Visitor: 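Quick one: this structure, given as structure tokens, is what I'll be asking you about.
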Number of protein chains: 2
Amino acid sequence: MGNENLVFEKYLVSKGLKLTKPRKIILNTVFATHEHFNVDELYDQIRKKHKDVSRATIYRTIPLLVEAGLIKQSLRCLAKDHYEHTYGHNRHLHLICEKCGKIIEVESKETENILNKLAKKHNFNIKEFNIGAKGICNKCRKK
Amino acid sequence: MGNENLVFEKYLVSKGLKLTKPRKIILNTVFATHEHFNVDELYDQIRKKHKDVSRATIYRTIPLLVEAGLIKQSLRCLAKDHYEHTYGHNRHLHLICEKCGKIIEVESKETENILNKLAKKHNFNIKEFNIGAKGICNKCRKK
DNA sequence: TTGAGAATGAGATTTATTCTCAGAATTAAC
DNA sequence: GTTAATTCTGAGAATAAATCTCATTCTCAA
């Protein structure tokens with residue numbers, strides 16, 4: 001219940017685009033939970049209430065949400081792109097279990113600081129961090 | 001010219017698999033350069049010399065190379081999976097330019113140490129790091 | 001109210017990757 | 001060397017996520 005709506009509308013207007021009903025529905029469904037999501041999950045979720053929003057529109061709206069700084073592309077899992085919130089969420093890194101797919105989110109300003117330093121050395125302007133590791137989680141290791 | 005061949009053969013034998021001609025060709029082409037690659041690039045490279053290696057075999061061999069610890073899945077660029085060497089190469093992180101696609105490779109043991117600590121806290125067993133950032137490179141920023 | 005441009009749904013299309021299958025290669029035992 | 005059991009292979013079909021097309025509908029400023 002932040003003002004994603006405001007942010008999104010501002011972005012759209014600045015590009016000469018419109019905050020239409022389907023776009024509102026998509027935005028609100030995306031921000032109805034805090035979870036990562038992929039297009040299929042989002043589509044199913046939306047379809048529970050709104051039978052008139054198409055996959056095409058979802059695929060077309062996601063890049064707008066990304067551009068507006070509301071979400072970002074996250075992991076790729078089972079051949080599908082996944083997304084996560086950036087607006088209203090602290091940045092975090094991911095520990096992904098290769099066995100069960102579980103995602104552990106951990107905050108770490110430290111790693112970002114180091115990356116920032118390294119980027120400076122290379123005259124590189126960081127827009128977005130992508131930090132994580134794959135491995136085996138606690139539960140799966142015990143099996 | 002390390003002994004990727006030996007490593008690969010050892011791995012294959014341990015799984016009851018065979019180091020066949022196509023697999024040798026693929027392995028050697030992969031290790032003929034130090035560059036990241038995707039399947040198309042690898043296929044073209046191989047086809048210059050060997051008209052009889054199919055895409056299917058390349059797709060089937062890559063997971064074996066990954067499992068053998070010789071390469072790892074790296075970035076995904078333009079809807080294609082990319083791979084990079086792990087055998088014989090120090091680990092590094094990637095700064096990826098969103099404009100021109102340039103990839104800057106940087107070493108950083110520091111970030112890995114931090115991730116290791118965090119993983120310990122969560123009883124997570126890291127198999128592979130995935131560290132990087134997207135942004136704008138020096139050249140593109142000047143435009 | 002209206003008109004110009006933007007947005008939509010439906011379904012076709014694209015394309016990386018995976019699968020199928022009949023024949024070929026491999027390897028160990030004889 | 002032959003054989004037999006198994007693994008591999010190439011070719012092309014199949015799959016499926018993501019993109020595109022297009023005729024129609026919506027939006028909003030004037």
Side-chain angles (χ1 to χ4, degrees), chain A residues 5 8-30 36-47 49-68 71-83, chain B residues 5 8-30 36-68 71-83 101:
Chain A
N5 283 276
F8 195 31
E9 184 160 23
K10 233 181 197 173
Y11 168 78
L12 290 173
V13 167
S14 82
K15 296 283 180 185
L17 306 176
K18 294 160 189 173
L19 182 51
T20 60
K21 273 178 210 162
R23 283 176 182 165
K24 267 186 214 165
I25 291 168
I26 292 165
L27 174 68
N28 290 328
T29 309
V30 164
H36 292 208
F37 64 93
N38 62 43
V39 171
D40 267 7
E41 289 162 0
L42 182 56
Y43 180 76
D44 290 345
Q45 197 61 31
I46 287 172
R47 279 287 170 140
K49 300 243 174 185
H50 307 278
K51 296 292 179 206
D52 51 350
V53 176
S54 73
R55 262 204 176 72
T57 299
I58 295 176
Y59 273 110
R60 281 186 288 233
T61 301
I62 283 176
L64 300 175
L65 294 173
V66 171
E67 262 304 299
I71 65 173
K72 71 169 213 175
Q73 200 169 314
S74 174
L75 310 160
R76 196 176 159 79
C77 233
L78 301 170
K80 289 176 189 169
D81 286 333
H82 286 239
Y83 300 88
Chain B
N5 284 276
F8 195 30
E9 185 158 24
K10 234 181 196 171
Y11 167 77
L12 291 172
V13 168
S14 82
K15 295 281 180 187
L17 306 175
K18 294 160 189 171
L19 183 51
T20 59
K21 273 178 209 160
R23 284 176 181 164
K24 268 186 214 166
I25 291 168
I26 292 166
L27 174 69
N28 289 328
T29 308
V30 164
H36 291 209
F37 64 93
N38 63 41
V39 171
D40 268 7
E41 290 163 359
L42 182 56
Y43 179 76
D44 289 347
Q45 198 60 32
I46 287 172
R47 278 288 170 138
K48 284 183 191 168
K49 298 245 174 182
H50 306 276
K51 296 292 181 207
D52 51 350
V53 176
S54 74
R55 264 204 174 72
T57 299
I58 294 176
Y59 273 109
R60 282 186 288 234
T61 301
I62 283 175
L64 300 176
L65 294 173
V66 171
E67 263 303 301
I71 65 174
K72 72 169 212 174
Q73 200 167 315
S74 174
L75 312 160
R76 195 176 160 80
C77 234
L78 301 171
K80 287 177 190 169
D81 286 333
H82 286 238
Y83 300 88

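Hydrogens, waters and symmetry mates play no part in the numbers below; they use all other heavy atoms, side chains included. Within every chain, numbering begins at 1; the chains are lettered A, B, ... in the order of the sequence lines, protein sequences first and strands thereafter. Please read all numbers here as calculations on a predicted model, not as lab measurements.
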Visitor: Is there a side-chain contact between Y59(A) and V39(A) (heavy atoms, below 4.5 Å)?
Guide: yes
Visitor: Counting only heavy atoms and a strict 4.0 angstrom limit, can you tell me which residues of residues 73-80 of chain B come near DNA chain D?
Guide: none
Visitor: Check the distance between dA6(C)'s P and R60(A)'s CZ and give it to me in whole angstrom.
Guide: 14 Å
Visitor: Would you confirm whether K51(B), through its side chain, and R47(B), through its main-chain N or O, come within 3.5 Å as a donor-acceptor pair?
Guide: yes
Visitor: Nearest to the side chain of K21(A), heavy atoms from C-beta on, is which of dT27(D), dG10(D), dG9(C)?
Guide: dT27(D)
Visitor: Rounded to the nearest angstrom, tell me the gap between atom CG in L64(A) and atom C1' in dT8(C).
Guide: 13 Å
Visitor: Could you check whether any side-chain heavy atom of R60(B) comes within less than 4.5 Å of a side-chain heavy atom of T57(B), counting everything from C-beta outward?
Guide: yes
Visitor: Regarding D81(B), tell me which of base, sugar-phosphate or nothing describes its non-hydrogen contacts under 4.0 Å with the strands shown.
Guide: sugar-phosphate
Visitor: How close or far is atom P of dA25(C) from atom CD1 of I25(B), stated in whole angstroms?
Guide: 13 Å
Visitor: Indicate yes or no for a side-chain donor-acceptor contact from R23(A) to the backbone of K18(A) under 3.5 Å, with no hydrogens or angles considered.
Guide: yes
Visitor: Would you say T20(B) places a side-chain N or O within less than 4.0 Å of OP1 or OP2 belonging to dT7(D)?
Guide: no
Visitor: Hey, which of D40(B), V30(B), I26(B) is the one that makes side-chain contact (heavy atoms from CB on, under 4.5 Å) with I58(B)?
Guide: I26(B)
Visitor: 5'-most contact on DNA chain C: D40(B) or L19(B), nearest heavy atom basis?
Guide: D40(B)
Visitor: Would you indicate which nucleotide in dG10(D), dA10(C), dT8(C) comes nearest to any side-chain atom of T57(A)?
Guide: dT8(C)
Visitor: Indicate, with a heavy-atom threshold strictly under 4.0 Å, whether R23(B) touches base, sugar-phosphate, or nothing.
Guide: sugar-phosphate
Visitor: Report the distance from atom CD1 of I26(A) to atom C1' of dA7(C), rounded to the nearest whole Å.
Guide: 11 Å
Visitor: In sequence, state the C-alpha distance, the side-chain angles, and the governing distance for K72(B) and Y83(B), and then conclude on side chain to side chain contact (heavy atoms under 4.5 Å, CB included).
Guide: CA-CA 6 Å; K72(B) 72 169 212 174; Y83(B) 300 88; over 6 Å; no
Visitor: G16(B) or A56(B): which one's nearest nucleotide on DNA chain D is closer to the 5' end?
Guide: G16(B)
Visitor: For the side chain of P22(B), counting heavy atoms from C-beta on, which of dG10(D), dG9(C), dT7(D) is nearest?
Guide: dG10(D)
Visitor: What nucleotide, of dC8(D), dT8(C), dC20(D), holds the atom closest to the side chain of K18(B)?
Guide: dC8(D)
Visitor: Which pair of heavy atoms, one from F37(B) and one from L42(B), lies closest together, and at what distance?
Guide: CE1-CD2, 3.7 Å
Visitor: How far apart are the C-alpha atoms of T29(B) and V53(B), what are their side-chain angles, what is the distance that settles it, and do they pass the side chain to side chain contact (heavy atoms under 4.5 Å, CB included) test?
Guide: CA-CA 12 Å; T29(B) 308; V53(B) 176; over 6 Å; no
Visitor: Measure OH/Y59(B) against P/dT15(C) and give the value in whole Å, please.
Guide: 13 Å
Visitor: As an exercise, state the distance from NE2 of H82(B) to CG of N38(B), rounded to the nearest 0.5 Å.
Guide: 4.5 Å
Visitor: How close or far is atom P of dA18(D) from atom CD1 of I58(A), stated in whole angstroms?
Guide: 12 Å
Visitor: State whether the number of non-hydrogen atoms from other residues, nucleotides or ligands found under 6.0 Å of E9(A) atom CD is greater than 12.
Guide: no
Visitor: For DNA chain C, just give me the dot-bracket, please: Watson-Crick or G-U, both distances below 3.5 Å, ( ) intra-strand, [ ] crossing earlier pairs, | paired with another strand, . unpaired.
Guide: ||||||||||||||||||||||||||||||
Visitor: Rounded off to whole Å, could you give me the NZ-to-C1' distance for the K15(B) and dT27(C) pair?
Guide: 20 Å
Visitor: Once you round it to whole Å, what is the distance between P of dT17(C) and CZ of R55(B)?
Guide: 10 Å
